[in-house]
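Notes to accompany the following structure.
Being a predicted model, the structure only gives us computed values, none of them experimental. A note on names: the letters A, B, ... follow the listed sequences, proteins ahead of strands, and every chain is numbered from 1.
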2 protein chains.
Amino acid sequence: MRRDVFQAIADPTRREIIGVIAKESLTLNAVAATFDMSRQAVSKHIKILVECGLIELETQGRERYCKPRLEKLGEISGWIAQYRQYWASHLDSMEDYLNEIQKTAKPKQHATRKK
Amino acid sequence: MRRDVFQAIADPTRREIIGVIAKESLTLNAVAATFDMSRQAVSKHIKILVECGLIELETQGRERYCKPRLEKLGEISGWIAQYRQYWASHLDSMEDYLNEIQKTAKPKQHATRKK
DNA sequence: TATATTTGCAACCGATCAGTTGCTTATACA
DNA sequence: TGTATAAGCAACTGATCGGTTGCAAATATA
């Protein structure tokens, strides 16, 4: 079972799940309802994210809330950082990029997402 | 054929290939010789890296040199940057991390690598 | 020209992946 | 107590992945 962060974020659905729960902690069902696929499929993705430490589950009665635990993303940033000389010139800094995407505000809509 | 940068760097062998050619431009065979697997297997990985724009091939006679084109890594850094609040506290900045790995200098040895 | 070297192409293989469906378990509520 | 809801478990499926081997094509060199 390969369960590292690099592999976890390789799947676009999992990246979307992170995007969804980063905004607000949601129930497993609530997250699944956001996607055009079965609850089980989404649940499996969440399980992978939990196993590699990017999501934490908080049980509350019969519901389980997904909470973002994105510290591990630093691992990837760290790996990329050593090659920064190759791309930094095209993007003055991560902050610039962040500011830019915050300006445009609206996140891209993907085909697999409902509504 | 899913060929985005996220998926490209999900494989540890491909990350190692990037590490190898970032140091010096090498021939396809030379890169393959670094690994404990067939030339074809390495060649396939390089093909994927070329297709998603992380490597450029420069033909010179019958040899083809792999040149790093890592600008696309900025795409990933950009995606991570929007969640920086979740992990930045654990890692003051990418620069700190970079300085740290540069201090230790010696890259980690992997089982799949020769010698 | 003959031969060695670098690479590409194609077929194959077992393992893993992303998704499905059906059923069970556990909690909440009328 | 009975019923609805949230979630987990397990089996199955087709597609993709990472790797192999064998062979052909192209270039360099004796």
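- Straight-line distance from the CD atom of A:Glu16 to the P atom of C:dG19: 11 Å, rounded to whole Å.
- B:Leu70 CG to A:Tyr83 OH: the interatomic distance, rounded to the nearest 0.5 Å, is 7.5 Å.
- A sub-4.0 Å separation between OP1 or OP2 of C:dG19 and a side-chain N or O of A:His45 is present.
- A donor-acceptor pair under 3.5 Å is formed between the side chain of A:Ser25 and the backbone N or O of A:Cys66.
- B:Arg15 meets the side-chain contact (heavy atoms from CB on, under 4.5 Å) test with A:Asp4, A:Phe6, A:Trp79, B:Ile9, B:Pro12; sequence neighbours excluded.
- Close to D:dA6, at under 4.0 Å from its OP1 or OP2, lies no side-chain N or O of A:Thr27.
- Considering only side-chain N and O atoms, B:Thr13 lies nowhere under 4.0 angstrom from the phosphate OP1 or OP2 of D:dG18.
- Computed from coordinates, the A:Lys44 NZ to D:dT13 P distance equals 14 Å when rounded to whole Å.
- Here A:Asn29 contributes atom CG and A:Thr34 contributes atom OG1; the two are 10.5 Å apart, rounded to the nearest 0.5 Å.
- Neither B:Tyr65 nor B:Val50 shares a network with the other; the hydrophobic side chains, linked directly or stepwise wherever heavy atoms of I, L, V, M, F, W or Y lie under 4.5 Å apart, form separate groups for each.
- We find that CZ of A:Arg14 is positioned 9 Å from P of C:dG19, with the value rounded to whole Å.
- Residues forming a salt bridge (Lys or Arg N to Asp or Glu O under 4.0 Å) with B:Glu24 (at least two apart in sequence, or on another chain): none.
- Interatomic distance, CD of A:Glu58 versus OG1 of A:Thr27, reported as 11.0 Å (0.5 Å rounding).
- As rounded to whole Å, 14 Å separates atom P of C:dG8 from atom CD1 of B:Ile48.
- Note that the CG atom of A:Asp11 and the CD1 atom of A:Ile17 stand 8.0 Å from one another [nearest 0.5 Å].
- Phosphate proximity of C:dT7 to B:Asn29: present, with a side-chain N or O under 4.0 Å from OP1 or OP2.
- The distance from the OG1 atom of A:Thr59 to the CG atom of A:Leu28 is 9.0 Å, given to the nearest 0.5 Å.
- Spacing between atom CD of B:Glu51 and atom C1' of C:dG8 amounts to 13 Å, rounded to whole angstrom units.
- Annotation: the span from B:Glu63 atom CD to B:Leu57 atom CG amounts to 12.5 Å, rounded to 0.5 Å.
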Dump every N/O contact between nucleotides 27-30 of chain D and the protein below 3.5 Å, one line per pair.
from: D:dT27; atom 1: O3'; to: B:Arg62; atom 2: N; distance (Å): 3.4
from: D:dT27; atom 1: O2; to: B:Arg62; atom 2: NH1; distance (Å): 2.9

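- Counting to the nearest Å, the C1' atom of C:dA18 and the CD1 atom of A:Ile9 are 18 Å from each other.
- Of all heavy-atom pairs between A:Cys52 and A:Ala8, the closest is SG-CB, 3.5 Å.
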Please list, for nucleotides 21-23 of chain D, all pairs of protein and nucleotide N/O atoms separated by less than 3.5 Å.
from: D:dG22; atom 1: O6; to: B:Gln40; atom 2: NE2; distance (Å): 2.8

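- Between the C1' atom of D:dA7 and the CD1 atom of A:Ile55 lies a distance of 15 Å, rounded to the nearest Å.
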Identify each donor-acceptor pair in which a side-chain atom of residues 39-49 of chain B lies under 3.5 Å from a protein atom, sequence neighbours left out, and give them as a table.
from: B:His45; atom 1: ND1; to: B:Arg14; atom 2: NH1; distance (Å): 3.0

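- One atom, OH of A:Tyr65, and another, C1' of C:dT27, lie 14 Å apart when rounded to the nearest Å.
- Comparing the helix axis at one end of the helix from C:dT1-D:dA30 to C:dA30-D:dT1 with that at the other, each defined from 5 consecutive pairs, gives an inter-axis angle of 10° (nearest 10°).
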